[in-house]
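One structure is given here, and the rest of the page talks about it.
Any value given below was found using the heavy atoms of this structure, including those in side chains, with hydrogens, waters and symmetry copies removed. Chain letters run A, B, ... following the sequence lines, proteins first, then strands; residues in each count from 1.
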Number of protein chains: 2
Amino acid sequence: MGEKEISQAVISRLPRYYRYLGMLKDKKVERISSRELSQMMNVTASQIRQDLNNFGGFGHQGYGYNVELLYSEIANILGLSRQHNLILVGAGNLGKALAGYVNFERRGFYMRGIFDIDPFLYGKKIRDIPIMPIDEIEDFIKNNEIDIAVICIPATASTKVVERIVACGIKAIWNFSHVDLDVSDDVSVENVHLSDSLMRLSYAMKSKRDRQESKGN
Amino acid sequence: MGEKEISQAVISRLPRYYRYLGMLKDKKVERISSRELSQMMNVTASQIRQDLNNFGGFGHQGYGYNVELLYSEIANILGLSRQHNLILVGAGNLGKALAGYVNFERRGFYMRGIFDIDPFLYGKKIRDIPIMPIDEIEDFIKNNEIDIAVICIPATASTKVVERIVACGIKAIWNFSHVDLDVSDDVSVENVHLSDSLMRLSYAMKSKRDRQESKGN
DNA sequence: CTTCTTTTTAACGAATTGTCAAATAATTAA
DNA sequence: TTAATTATTTGACAATTCGTTAAAAAGAAG
């Protein structure tokens, strides 16, 4: 019954902690205090302790946190101890890039199949991953224990496809298409809206420019 | 002197407003109230009004917001009325995908040059954008009014390159490499850490799984 | 003049930061 | 070597800051 809801802000910071702890682990650092880590990461020590305490007390007073232990605890929290099977929907520029990206496998994310509407691509492969017609997607998901669908098709097409794959039981969607997907509550969606990101960068530039200009008047 | 700092939370929502307003504009909708928009977007009307008011009163009481006007105001706020010149650093899978992505030009982001360390690529082009040796990057930035550098090289290499391009005056970095860049205050950085995003998705799946399991005991 | 809808202000809630007791580790003294 | 002392560091909680939502005031439309 002690299922306290963890805030999105905390969760968003976990991958970053994980990355820094990985670096420390590679450097054979055995232990680290919240203060040291806070200086490396440019955050407050208090925040680090608070964040980690959401998941249980991994630290020891007077000692700090054991790097190896904390690293594997965070992996656990993030669900990285489990293997994930992915499919890619849309073998365009971005889709091909993601399919070709080997690094995800290090964290247990394996791409198993690619789907597209271009018949010219059927039977071809990217890194040994077969490209198939989109009509085979339902069967493939069911037969290959697919967890996650990576959506890299135009916004206009994605709503339809997502409906289909959700209907056949997929539980997570990594959405690169520029639309807000409307799925049932038991499906997780993570959006990567590149153009939104670029606009935020544009805003940041503009506001810096403006501040500079207003300073010199 | 009235330069109130706008919170990152608000700014992050602007591109989404912009997208919905663009859709309304395409549908020839002339005006919209915060309540209608809030229902479309699944946020509170209060938040929309509060957000937009940060930038001045674009709405009219008893009328709502003029779609066309608000759309262009947001473009202005985001700095989209200005043209931006980009370079890409790193013509790997992801880099090539971004260089090939035509849509950014619609928002005024033009990719002007691509840089890599692979001599085999020199002289080749992606969508008419030339691929050049990385040693020419400083001159190119200076001679072509480059605003934004898109970093798509491995984390190990990016720190060095970023130092160089910042030294020759670049003002914004769109960072796809998996490392936190340490740049001076007048340079804007927007990170796109895909593996972090995937981990968040993994967490979301796991916590839904856990909740399901704990329900059925 | 009634309804609609924004703007402005206020209340509320969430997230971050600061502080301190308690626990451990490290150091010094005997 | 052991005991005593000091330094370190967490976890818990309090204080503060920040963000969101709601309510009140004001203005425009019909």
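- Nearest heavy-atom pair, B:Val187 versus A:Lys208, reported as atom, atom and distance to 0.1 Å: O-NZ, 3.5 Å.
- Comparing A:Tyr63 and A:Val43 against DNA chain C, the residue whose closest nucleotide sits nearer the 5' end is A:Val43.
- Look at A:Arg35 and you won't find any side-chain N or O under 4.0 angstrom from OP1 or OP2 of D:dT8.
- An OP1 or OP2 oxygen of D:dT20 is reached within less than 4.0 angstrom by a side-chain nitrogen or oxygen of B:Gln47.
- Side-chain N/O atoms of A:Arg49 include none lying less than 4.0 angstrom from OP1 or OP2 on D:dG11.
- Judged by distance alone, with hydrogens and angles left aside, the side-chain atoms of A:Asn85 form a donor-acceptor pair with the main-chain N or O of A:Glu145 at under 3.5 Å.
- In this structure, A:Trp174 and A:Phe104 have perpendicular ring planes: the angle between them is above 60°, well past the 30° mark.
- Residue A:Ile48 contributes atom CD1, which lies 13 Å from atom P of C:dG18 at whole-angstrom precision.
- In this structure, CG of B:Leu14 is placed 14 Å from P of D:dG19, rounded to the nearest angstrom.
- Candidate nucleotides C:dT5, D:dT9, D:dT20 were compared by shortest atom distance to the side chain of B:Ala9, and D:dT20 ranks first.
- In this structure, B:Arg13 places its CZ atom 8 Å from P of D:dT21, rounding to the nearest Å.
- Using a 4.0 Å cut-off, some side-chain N or O of B:Tyr65 falls inside it from OP1 or OP2 of C:dT7.
- If you measure from atom CE of A:Met41 to atom P of C:dT17, you get 13 Å, rounded to the nearest angstrom.
- Between A:Gln50 and A:Gly62, the residue whose closest nucleotide on DNA chain D is further toward the 5' end is A:Gly62.
- Residue-level contact check: B:Ser46 touches the bases, meaning some heavy atom is under 4.0 Å from a base atom.
- Atom CG in A:Leu52 sits roughly 14 Å away from atom P in C:dT17 (whole-Å rounding).
- The nearest whole Å value for the distance from the CD atom in B:Gln61 to the C1' atom in C:dT3 is 13 Å.
- Panel note: side chain B:His84, backbone B:Gly79; a donor-acceptor pair is recorded below 3.5 Å.
- Applying the 4.0 Å criterion to OP1 and OP2 of D:dT20, one finds that B:Thr44 has every side-chain N and O outside that range.
- The distance from atom CD1 of A:Ile170 to atom CD1 of A:Ile87, rounded to the nearest 0.5 Å, is 4.5 Å.
- Note: CG (B:Asp51) to C1' (C:dT7) measures 14 Å, nearest angstrom.
- The CZ-C1' distance, from A:Phe55 to D:dG11, rounds to 16 Å in whole Å.
- A sub-4.0 Å separation between OP1 or OP2 of C:dA15 and a side-chain N or O of A:Ser7 is present.
- Close to D:dA12, at under 4.0 Å from its OP1 or OP2, lies a side-chain N or O of A:Asn53.
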